[in-house]
Protein chains: 2
Amino acid sequence: MESKRSLLVTGAFELFYQKGVHAVGINEVLQYSGVAKKTLYHHFSGKDDLVVATLEYRDQCFYDWLANRLNQAEDGEGKVTALFDALDDWFNDRVEELQPFTGCFFINVSGEYADPDCEIHRQCRQHKQRIALLIAEQLSMFIPDNDSRQVLLDALCILKEGAITLAHVQGDFSAAKKAKATALMLLK
Amino acid sequence: MESKRSLLVTGAFELFYQKGVHAVGINEVLQYSGVAKKTLYHHFSGKDDLVVATLEYRDQCFYDWLANRLNQAEDGEGKVTALFDALDDWFNDRVEELQPFTGCFFINVSGEYADPDCEIHRQCRQHKQRIALLIAEQLSMFIPDNDSRQVLLDALCILKEGAITLAHVQGDFSAAKKAKATALMLLK
DNA sequence: AGAGTTGTAGACCGATCTGTCTACTTTGTA
DNA sequence: TACAAAGTAGACAGATCGGTCTACAACTCT
């Protein structure tokens, strides 16, 4: 069953992700989702509340997708290559469950809600933390030492974010491959 | 002499950078800059035109600042450390001529103007290209080979963008130091 | 001295924004 | 079957948006 609420969240996410939050009005979301205005304000207290819901929705989608990809990979170097291969598929629109690539939703939204203490920005930060933790868990199998694992994790996260930016802003869709090559050099 | 036009551009940039382009109205820019509305529309054809001008302004500021920092550095490894030391100063608000750090203006704006073919997004891409070229020139002194220089350049750009994202979205202001450590490992 | 440019303050326009409300319909469940 | 919850369409309100316009002042450069 597709509740009206989830219709709103998925519809709003697609529009927000593709055009930016402030560029999309409530009425456009309603028309796109085929839901009445009263229903929206029944489920959500306002636009910001809807934005929060889209962030949670995307967080879950993205996390599940990446976790699945990483779990399928072999231990060790395989985890690292799986990470950047996944990014490569994302950048080049080979992943159905993610929408057509328009950068990272959380980076984009952070740019629109710059105040680092507001709830929305905090939620973006939380997402990145969750993803970092996911990667850390995958590394723990073959790098038991905490310190050296943290150093590698930091490098992988920086490479990941950098690749996303190159792909989105620069339009360099081979950024994941370049980041992968760099990461593999680091492993030695 | 501080022309009205430059008052508008610098004022608009500060507001756009701090709050996001779509979150700031024309009237707020006027009040902040202390300039009449007629004057704005005398110098610019509309808001988008003003946005373009702020992008050009920031491009010039940022380029000049970074070029200066890199020129002062010694050849070789010194160029790489200078790059990330500069970023570290930027993230931690030790650079007056750049405004209080709120991420990269061009990444933020790209999120709001997602269409990669529109003029504004194209301008963001151009800025990143200019910065990449600047770094490439600095590397050419001690890495004459084109191919291996390109590989290092790609890695440095990815690390740079990744560090910016970690600093802004995650609030990790030591991101530049981590990126620097990673870059130095790559040099060997 | 006179003309043209650049500026000011702010009224005004139509459009669009978020959010409220009325009046009515569908639907699930006790 | 009856009632409450969840839905519909859309008018409406108040604010703000980008942008135009009038009326007038200050400035430079013939």
Side-chain angles (χ1 to χ4, degrees), chain A residues 1-57 105 108-109 111-115 118-121 123, chain B residues 1-57 105 108-109 111-115 118-121 123:
Chain A
M1 161 216 168
E2 189 97 37
S3 74
K4 297 292 172 179
R5 188 184 191 280
S6 65
L7 273 178
L8 279 169
V9 172
T10 57
F13 165 71
E14 288 176 25
L15 291 174
F16 289 162
Y17 180 43
Q18 207 155 19
K19 305 183 176 189
V21 174
H22 285 122
V24 174
I26 286 290
N27 293 310
E28 190 179 349
V29 172
L30 296 173
Q31 192 177 4
Y32 186 80
S33 313
V35 169
K37 192 176 272 195
K38 187 80 189 242
T39 308
L40 189 154
Y41 284 97
H42 173 74
H43 288 293
F44 304 98
S45 66
K47 189 185 182 182
D48 277 0
D49 198 23
L50 179 60
V51 173
V52 166
T54 63
L55 288 169
E56 286 168 359
Y57 165 70
F105 187 49
N108 296 350
V109 171
E112 295 198 66
Y113 294 83
D115 177 8
C118 76
E119 191 192 344
I120 289 179
H121 194 114
Q123 211 171 344
Chain B
M1 162 214 163
E2 190 97 36
S3 74
K4 297 293 171 178
R5 188 184 190 279
S6 66
L7 273 177
L8 279 168
V9 172
T10 57
F13 165 71
E14 288 176 26
L15 291 174
F16 290 162
Y17 180 44
Q18 206 154 17
K19 305 185 177 188
V21 174
H22 285 122
V24 174
I26 285 290
N27 293 308
E28 191 178 349
V29 172
L30 295 174
Q31 193 177 3
Y32 185 80
S33 312
V35 169
K37 193 177 272 197
K38 188 77 190 252
T39 308
L40 189 156
Y41 284 98
H42 172 75
H43 288 293
F44 304 99
S45 67
K47 189 184 182 183
D48 277 359
D49 197 24
L50 178 60
V51 174
V52 166
T54 63
L55 289 169
E56 287 169 357
Y57 165 71
F105 187 49
N108 297 351
V109 171
E112 294 199 68
Y113 294 81
D115 176 9
C118 76
E119 191 193 343
I120 288 179
H121 192 115
Q123 210 171 344

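Within every chain, numbering begins at 1; the chains are lettered A, B, ... in the order of the sequence lines, protein sequences first and strands thereafter. These numbers come from a predicted model, not from an experiment.
- Comparing A/H42 and A/K37 by the nucleotide of DNA chain D that holds the closest heavy atom to each, the one mapping nearer the 5' end is A/H42.
- The neighbour count for A/Q18 CD, taken as heavy atoms of other residues, nucleotides or ligands under 6.0 Å away, does not exceed 12.
- Between atom CD of residue B/Q123 and atom OH of residue B/Y113 there is a gap of 11.5 Å, rounded to the nearest 0.5 Å.
- Side-chain atoms of B/N27 lie closest to D/dG18 of the nucleotides D/dG7, D/dT8, D/dG18.
- With rounding to whole Å, A/Y41 atom OH is found 18 Å from D/dA6 atom C1'.
- We find the CG-OH distance between A/L8 and A/Y32 to be 12.5 Å, quoted to the nearest 0.5 Å.
- Across all strands, A/H22 comes closer than 4.0 Å to no nucleic acid atom at all (heavy-atom distances).
- Side chain of B/K47 to main chain of B/V21: a donor-acceptor pair is present (N/O by atom type, distance under 3.5 Å, no hydrogens or angles).
- Residue A/V29 is classed as having no contact, given no heavy-atom separation below 4.0 Å to the nucleic acid.
- When the P atom of D/dA6 is taken as reference, atom CG of A/L8 falls 14 Å away, rounded to whole Å.
- Rounded to the nearest 0.5 angstrom, A/F105 CZ and A/Y57 OH are separated by 11.0 Å.
- One interatomic measurement links the two molecules: CG of B/L50 to C1' of D/dG19, which rounds to 13 Å at whole-angstrom precision.
- In this structure, the NE2 atom of A/H43 is 7 Å from the C1' atom of D/dA6, given to the nearest Å.
- If you walk DNA chain C from 5' to 3' and mark each nucleotide with an atom closer than 4.0 Å to a heavy atom of chain B, the marks span C/dT6 to C/dG10.
- Between the CD1 atom of B/I26 and the C1' atom of D/dT16 there is a distance of 13 Å, given to the nearest Å.
- B/L30 contributes atom CG, which lies 8.0 Å from atom OH of B/Y41 (distance to the nearest 0.5 angstrom).
- Along DNA chain C, the nucleotide nearest A/K38 and the nucleotide nearest A/S45 are compared for position; the residue whose nucleotide lies closer to the 5' end is A/S45.
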